Amino acid sequence: MKVLGIESSCDETAAAVIEDGNKLLSNVVASSIDLHKEYGGVVPEIAARSHIESINPVINEALEQTKTDWDSVNAIAVTNGPGLGGSLLVGVLAARTLAILKNKPLYAVNHVEAHVYANFLTSTSLPGYILPKKAPEFPCLALIVSGGHTQLVLFDDHFKYQVLGRTLDDAVGEAFDKVAKIIGLPYPGGPSVEKAGDVGDPSKIKLPKPKTSGKYDFSYSGLKTAVLRAAQVEIGKDHTFPSHQLPGELSEAQKANIAASFKYKAVEALVDKTLLAFNEFAPKSVVIAGGVAASKELRRQISDRLPIEVEYTDIKLCTDNAAMIATNAYYQMTSGIKPVDPYSLEINPSLKM
Ligand code: KG4
Ligand code: ZN
């Protein structure tokens, strides 16, 4: 059973083919990230235009790499939300058109939910991938951490889950991106803050531990503001100092120390709540999903503190991709969820889990 996945919710145009819900056959991602770098964040109009240019070549490449002809594609899966409206439209219209022309069932996929499904891919013919040895068992506790979302979800089975808590303000990936901007590191902030922090001393900068009233909720706006204040103090200025001038005043060592302290605190808050939920619900497996799951600091703290062995998927499957979309759709099919109408599927930019 082969599923073609299509993803275009943010700045990555992606297509992939997976087989039987566990085998990755192709994973093609064209990113417009370089075009957004000078703006320090994704510009929706630029992203949408890039999707239009890339969508057909990316889909063709995903099929060609696996020598898959249309006859052997059993279903098409597409992200219909959440995400940027203009970006989602391109993928959804491409998938609807192909489903009608090629007469294939079409599955609509929630992007955030799909991040978890990257962890169900356990084998591949592609070089350079390190995948988990087995699929997660239910009940499964999932920490979903991306540029737009931060939430803890308890899955009793496929598509049977409860969201235990989520961020009350910024997502953790967004906080990484904003901290990068404050200290003058390139976008996306996750990888650049993580790299800078590797050579910094976290004990040199005191940052508060993020607090929330909800047991499993998260909050990152206070920590981000604390980073801004700490950077001002480091160069001997007060809150009136223009923040866009900060990067020019900070030394490389100061940037590295701030990055090290921030990434430690940001990740500690994630692992605190994951451990709390693990102790309360005793799940059979724990997975981390989403772009921030690529963080080595997160993997280290999870492995150090959780009393269960957590398997991690390849970094290329943590950030946005279409393999996770196709995998989610495979499990929709095998769970008896009906395909959607290709003539009427709409985008839903604010879709929630
Ligand atoms: O899942 P994703 O690719 O897109 C969304 O659905 O949002 O996540 C992107 C986010 C960005 O905020 C990026 O800074 C963050 O993931 N990220 C990381 C790392 N790699 C990407 N954050 C921390 N450490 C990383 N190594
Ligand atoms: Zn994502």
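Note that ligands are numbered from 1 as they come in the structure, with each ligand's atoms numbered from 1 the same way. Only a predicted model underlies this, so the values are computations on that prediction, with no experimental measurement involved. Only heavy atoms go into these numbers, but all of them, side chains included; no hydrogens, no water, no symmetry mates.
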Trainee: Give the residue, atom name and distance (to 0.1 Å) of the protein heavy atom nearest atom 3 (O) of ligand 1.
Mentor: Asp320 N, 3.1 Å
Trainee: Taking the side chain as everything from C-beta on, heavy atoms only, tell me whether Leu121 gets closer than 4.5 Å to Asn22.
Mentor: no
Trainee: When you check the space around the Zn ion (ligand 2), which protein N, O or S atoms turn up under 2.8 Å?
Mentor: His111 NE2, His115 NE2, Asp320 OD1
Trainee: Whether Arg229 and Asp238 form a salt bridge (side-chain N of Lys/Arg under 4.0 Å from carboxylate O of Asp/Glu) is what I want to check.
Mentor: no
Trainee: Just wondering, do Lys104 and Leu98 contact through their side chains at under 4.5 Å, heavy atoms?
Mentor: no
Trainee: Which of the atoms of ligand 1 are close to Pro191, meaning less than 4.0 Å from one of its heavy atoms?
Mentor: 19 (C), 20 (N), 21 (C), 25 (C)
Trainee: Between the side chains of Ser192 and Tyr187, does any donor sit under 3.5 Å from an acceptor?
Mentor: no
Trainee: Begin from the C-alpha positions of Phe155 and Phe120 and carry the test ring-ring contact (aromatic ring centres under 6.0 Å, His included) through to its verdict.
Mentor: CA-CA 13 Å; Phe155 283 77; Phe120 283 81; 8.2 Å; no
Trainee: Charged N to carboxylate O under 4.0 angstrom, Lys224 versus Glu174?
Mentor: no
Trainee: If the cut-off is 4.0 Å to any non-hydrogen atom of Thr319, which atoms of ligand 1 fall inside it?
Mentor: 3 (O)
Trainee: Verify the distance criterion only: is there a donor paired with an acceptor across the side chains of Lys273 and Thr212 at less than 3.5 Å?
Mentor: yes
Trainee: Go through the steps for Phe176 and Phe262 under the test ring-ring contact (aromatic ring centres under 6.0 Å, His included), then give the verdict.
Mentor: CA-CA 8 Å; Phe176 268 92; Phe262 166 76; 5.0 Å; yes
Trainee: Give the numbers and elements of all ligand 1 atoms closer than 4.0 Å to a heavy atom of Gly291.
Mentor: 1 (O), 2 (P), 8 (O), 16 (O), 17 (N), 18 (C), 19 (C), 20 (N), 21 (C)
Trainee: Could you tell me if Gln65 and Glu61 have a donor-acceptor pair between their side chains, going purely by distance under 3.5 Å?
Mentor: yes
Trainee: Taking the side chain as every heavy atom from C-beta outward, state whether Val3 and Val17 have any pair of such atoms under 4.5 Å apart.
Mentor: no
Trainee: Using a 4.0 Å cut-off to any heavy atom of Glu194, which atoms of ligand 1 qualify?
Mentor: 26 (N)
Trainee: Is it the side chain (CB and beyond), the backbone, both or neither of His115 that lies under 4.0 Å from ligand 1, heavy atoms counted?
Mentor: side chain
Trainee: Between Gly173 and ligand 1, is there a nitrogen or oxygen pair with a distance under 3.5 Å?
Mentor: yes
Trainee: With side-chain hydrogen bond (donor to acceptor under 3.5 Å, both in side chains) as the test, pick out the partner of Asn328 among Glu113, His158, His111.
Mentor: Glu113
Trainee: With atoms numbered from 1 as shown, which atoms in ligand 1 lie under 4.0 angstrom from a non-hydrogen atom of Gly148?
Mentor: 7 (O)
Trainee: Which residue and atom name correspond to the protein heavy atom nearest atom 15 (C) of ligand 1, and how close is it?
Mentor: Val292 CG2, 3.9 Å
Trainee: Could you tell me the residue and atom name of the protein heavy atom closest to atom 10 (C) of ligand 1, and the distance to it rounded to 0.1 Å?
Mentor: Gly147 N, 3.5 Å
Trainee: Heavy-atom contacts with Ser146 under 4.0 Å: which atoms of ligand 1 show up? List them by number with element.
Mentor: 1 (O), 5 (C), 6 (O), 7 (O), 8 (O)
Trainee: Is the closest basic N to carboxylate O distance between Lys204 and Asp201 below 4.0 Å?
Mentor: yes
Trainee: Take Ser9 and Glu7 through the test side-chain hydrogen bond (donor to acceptor under 3.5 Å, both in side chains) and record every step on the way to the result.
Mentor: CA-CA 6 Å; Ser9 65; Glu7 152 67 35; 2.7 Å; yes
Trainee: In terms of atom number and element, which parts of ligand 1 are under 4.0 angstrom from non-hydrogen atoms of His111?
Mentor: 6 (O)
Trainee: Any idea which protein heavy atom is nearest atom 24 (N) of ligand 1, and the distance to it?
Mentor: Ser295 CB, 3.4 Å
Trainee: Considering only NZ, NE, NH1 and NH2 on the basic side and carboxylate oxygens on the acidic side, decide whether Lys37 and Asp34 come within less than 4.0 Å.
Mentor: yes
Trainee: So which heavy atom in the protein is nearest atom 25 (C) of ligand 1, and how far is it from that ligand atom?
Mentor: Gly190 C, 3.7 Å
Trainee: For atom 11 (C) of ligand 1, grab the closest protein heavy atom and report residue, atom and distance to one decimal in Å.
Mentor: Asp177 OD2, 3.7 Å
Trainee: Between Lys263 and ligand 1, find which residue part has any heavy-atom pair under 4.0 Å and reply side chain, backbone, both or neither.
Mentor: neither
Trainee: Purely on distance, is any nitrogen or oxygen of Glu12 under 3.5 Å from one on ligand 1?
Mentor: no
Trainee: I want to check a possible cation-pi pair here: Lys316 against Tyr129, using under 6.0 Å from ring centre and within 45° of the ring axis as the test.
Mentor: yes
Trainee: May I ask you to list the atoms of ligand 1 that are less than 4.0 angstrom from any heavy atom of Ala294?
Mentor: 20 (N), 26 (N)
